[in-house]
Amino acid sequence: MTSTNAIQVKGLKKNYNGFPAVHNLEFTVREGEIFSLLGPNGAGKSTTISMLSCLLPPSGGDALIAGHSITRASGSVKRTIGVVPQEIALYDDLSAHQNLVFWGRMYGLRGSRLSRRVDEVLDLTGLADRRHDRAGLYSGGMQRRLNIGIALLHEPRIVIFDEPTVGIDPQSRRRILDGVKEINARGVTVLYTTHYMEEAQELSHRIAIMDHGRLIAQGTHNELMRMVGGLHRITLTLSRKPAGLLALWRMLAGVHSVSEEGERVRLLVQDSTRVLPTLFESAAREETHITGMDIQEPDLEAVFLHLTGKALRD
Amino acid sequence: MRILYLAMKDLSQIIRQKKSALFLLILPVLFTGLLGAVFTRNGQEDPRLPVALAMRDAGALGAYYETLLGYSDTIHPTAPGQTDAASLEQLVRSQKAAAAVIIPEGFSRQTLAGESPRLTVIVDRNAPAGQAADRAIQLAATRLLGAVQTARLGAEAHGPFGSEAARQEYLLASLADAVRAWRDPLVRVTARPAGTGNAAADGFAQASPGMMVFFATIGMITPGYLLLAERRSRTLARMLTTDIRRAEIIAGHTLAMFVAGFLQVILLTLFGQAAFGLDYWRDPAALLLMAGVLALWSAAFGLLIGTLARDENQVVLLVMGATLVFGFVGGAFFPLDLAGAAYAAVGRMMPSAWAIRGFQDIILRAAGWKTVTGPAAILVLYALAFYALAVLRFQSDAAR
């Protein structure tokens with residue numbers, strides 16, 4: 001990882017019918033790092049990726065990708081990046097080999113370089129043995145791998161992943177996450193979007209958290225953790241939720257935030273050991289039973305809860 | 001180069017689809033055979049227009065007039081069930097007869113006496129068939145009068161007869177000779193199809209180009225579906241993340257559809273030539289020009305369908321709906337001239353009508369490439385209009 005910027009986003013905006021989907025985004029991705037955009041569905045991650053991939057024109061601002069402006073030099077930007085879309089964007093009726101040859105040609109590869117890269121990507125994705133099978137006959141995980149492999153054909157300096165693990169089994173997810181690390185280990189800069197906190201936490205050198213089209217925090221995992229200090233996240237399941245009880249808990253010393261999520265209540269607290277007895281006592285006074293409890297060390301979920309007052313999955 | 005690679009990929013996908021062979025080749029061949037056979041069987045009965053003849057004259061001239069009508073290349077006399085004027089008018093109105101002729105009582109006597117008896121002709125002069133029948137009826141009447149005049153002159157040249165009966169006998173014999181002479185006139189103008197000259201091929205001269213044009217647009221179901229699938233599977237969006245330009249993507253898809261359509265037309269014309277004796281390849285330049293513009297129009301149509309449809313059902317619905325309108329209104333299933341002037345006028349607004357016209361010019365009228373530039377130019381204009389709409393739709397869709 002170097003200190004040179006691979007991606008520099010400057011005041012990027014996107015409005016749909018006057019509604020700001022992405023608002024004044026500012027962040028940088030350093031060359032060689034994995035940078036994650038973390039946020040719930042609808043936070044504006046995919047819109048941001050679409051603008052950085054030159055699929056959508058921004059309503060304002062600009063971004064430099066390897067020094068090329070997305071608004072003024074989209075051709076240069078496209079030659080620099082590889083994009084892994086959220087959807088499986090393959091030709092089902094073509095084989096893996098035919099898909100790779102076609103997409104390689106679309107990326108401008110020809111002749112021996114094309115053949116070499118197709119073979120390398122087939123090996124990398126573990127599809128060499130089934131190269132001549134129709135992509136439509138592959139399992140979901142194999143299709144995902146091919147989907148990623150296509151974006152690597154032209155050996156891009158920067159690869160953008162748009163939620164590549166949505167809707168797949170844990171085993172395939174594991175392979176994809178390992179694949180992302182392997183790609184990065186070869187010196188490729190990765191911009192990764194996800195709404196899974198664990199993925200961002202595991203993969204990223206740095207993370208930016210988005211909500212409602214805005215960047216609400218960014219930094220390394222440790223830097224983000226420092227925002228919530230030693231806050232623990234307590235999740236309680238209650239037999240009932242009297243409004244007075246939650247209001248009381250919000251006023252307790254050591255309680256930073258209280259949010260409801262279905263049957264459960266989430267609290268961010270300074271010291272769970274000291275706060276818990278008070279919580280049990282007040283619940284008993286309101287004739288409410290605590291039927292389940294989960295205490296977690298500070299994590300990105302806690303950061304999101306701390307910054308937005310709601311859970312990441314809301 | 002990327003345009004070519006994209007077109008090759010599309011063609012490879014088109015070939016893999018089983019329904020491609022069905023829509024591009026198998027069904028057009030089957031329908032051409034079927035419709036051609038139907039047209040030909042109808043044609044073998046008597047290709048001339050039927051004219052209902054109500055004979056109220058008992059003399060020789062009425063019979064001779066019927067004979068002269070029968071000599072016509074255009075019409076043939078038929079005996080109607082009802083011979084009153086109202087029934088005859090109904091026959092013409094219902095297009096069961098192209099015209100009706102009433103030969104009045106005393107027609108022979110009055111004509112031979114030098115009077116001018118009136119034939120009653122019931123005809124719709126606004127219909128092309130009516131106009132043709134009317135001309136043939138007038139021509140037969142003129143020939144009859146000419147024959148009468150010839151017989152009279154012959155009798156005068158003969159000099160005095162022994163009796164009036166002898167003169168009448170001579171006159172009628174001369175008249176019979178004069179009428180018979182029209183059976184095989186010295187000078188005869190015959191309108192024949194310039195292409196095949198083969199009566200059995202006439203039905204196929206309608207069915208072959210008709211079905212070729214009809215299935216040129218139906219054949220776009222598969223390419224249209226592939227384009228839709230590309231939009232829906234986000235492969236189009238992925239393509240736009242490479243540095244290929246949108247114009248190149250459109251050109252690549254259009255090229256594939258054009259090649260598919262062009263090959264379809266070439267194969268179907270070769271089939272028409274080999275199986276039905278239709279002389280499509282008399283002037284290869286004319287045929288290639290028409291095949292090219294038909295493929296261009298169908299490609300533009302396919303591109304428009306691929307950009308308009310939101311799902312597979314819509315592809316089929318839009319293609320079939322538009323094709324049925326182009327086919328039935330544009331004269332793919334029957335000659336527009338048989339459908340009346342108003343229908344034909346509307347039909348000629350269809351691009352399909354001009355495509356059929358161009359191919360029929362080649363096989364029926366031995367047209368060269370210069371002659372078919374008219375229909376070709378009109379098809380190109382339609383292709384450009386469809387293409388412009390498709391590009392607008394593609395640009396707005398790709399931007400989303």
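Side chains are part of it too, since the values below use all heavy atoms of this structure and drop only hydrogens, waters and symmetry mates.
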Within a radius of less than 6.0 Å around [atom1] of [X], do more than 12 heavy atoms belonging to other residues, nucleotides or ligands occur?
X	atom1	result
B/F258	CZ	yes
B/R245	CZ	no
B/F31	CZ	no
B/W369	CH2	no
A/R131	CZ	yes

Contacting region of [X] [heavy-atom separation from chain B under 4.5 Å]:
X	value
A/Q86	neither
A/N147	both
A/I160	neither
A/Y107	both

So what's closer than 4.5 Å to chain A heavy atoms on B/E248: side chain, backbone, both or neither?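 Contact with chain A is absent: no heavy atom of B/E248 under 4.5 Å.
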Examine whether an atom of B/R2 lies under 4.5 Å from a heavy atom of chain A, and if so say whether it belongs to the side chain, the backbone or both; otherwise answer neither.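 B/R2 touches chain A through backbone and side-chain heavy atoms alike.
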How long is the gap from CG on B/L240 to CE on A/M106, to the nearest 0.5 Å?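 With rounding to 0.5 Å, CG (B/L240) is 11.5 Å from CE (A/M106).
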Distance from A/Q98 atom CD to B/M8 atom CE, nearest 0.5 Å?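 So the gap between those two atoms works out to 11.0 Å.
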Shortest non-hydrogen contact between [X] and [Y], atoms and distance:
X	Y	answer
B/T242	A/K78	O-CD, 3.0 Å
A/V83	B/R238	O-NH2, 3.3 Å
B/Q13	A/D93	NE2-OD1, 2.9 Å

Specify which of A/G75, A/S53, A/P85 makes the most heavy-atom pairs with chain B at under 4.5 Å.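 Sorted descending by pairs with chain B, the first entry is A/P85.
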Would you say [X] and [Y] make side-chain contact, with heavy atoms under 4.5 Å?
X	Y	result
A/L55	B/T241	yes
B/E230	A/Y91	yes
A/R110	B/M1	yes
B/M239	A/F102	yes
A/L90	B/S233	no

Specify which of B/L226, B/T235, B/L6 makes the most heavy-atom pairs with chain A at under 4.5 Å.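 Top count of heavy-atom pairs under 4.5 Å with chain A: B/T235.
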Decide yes or no on side-chain contact (heavy atoms from CB on, under 4.5 Å) for A/L94 and B/K9, but give the supporting numbers first. CA-CA 9 Å; A/L94 301 185; B/K9 187 272 299 172; 3.8 Å; yes
Salt bridge flag under 4.0 Å for residues A/R79 and B/D243: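 Yes, charged N to carboxylate O under 4.0 Å.
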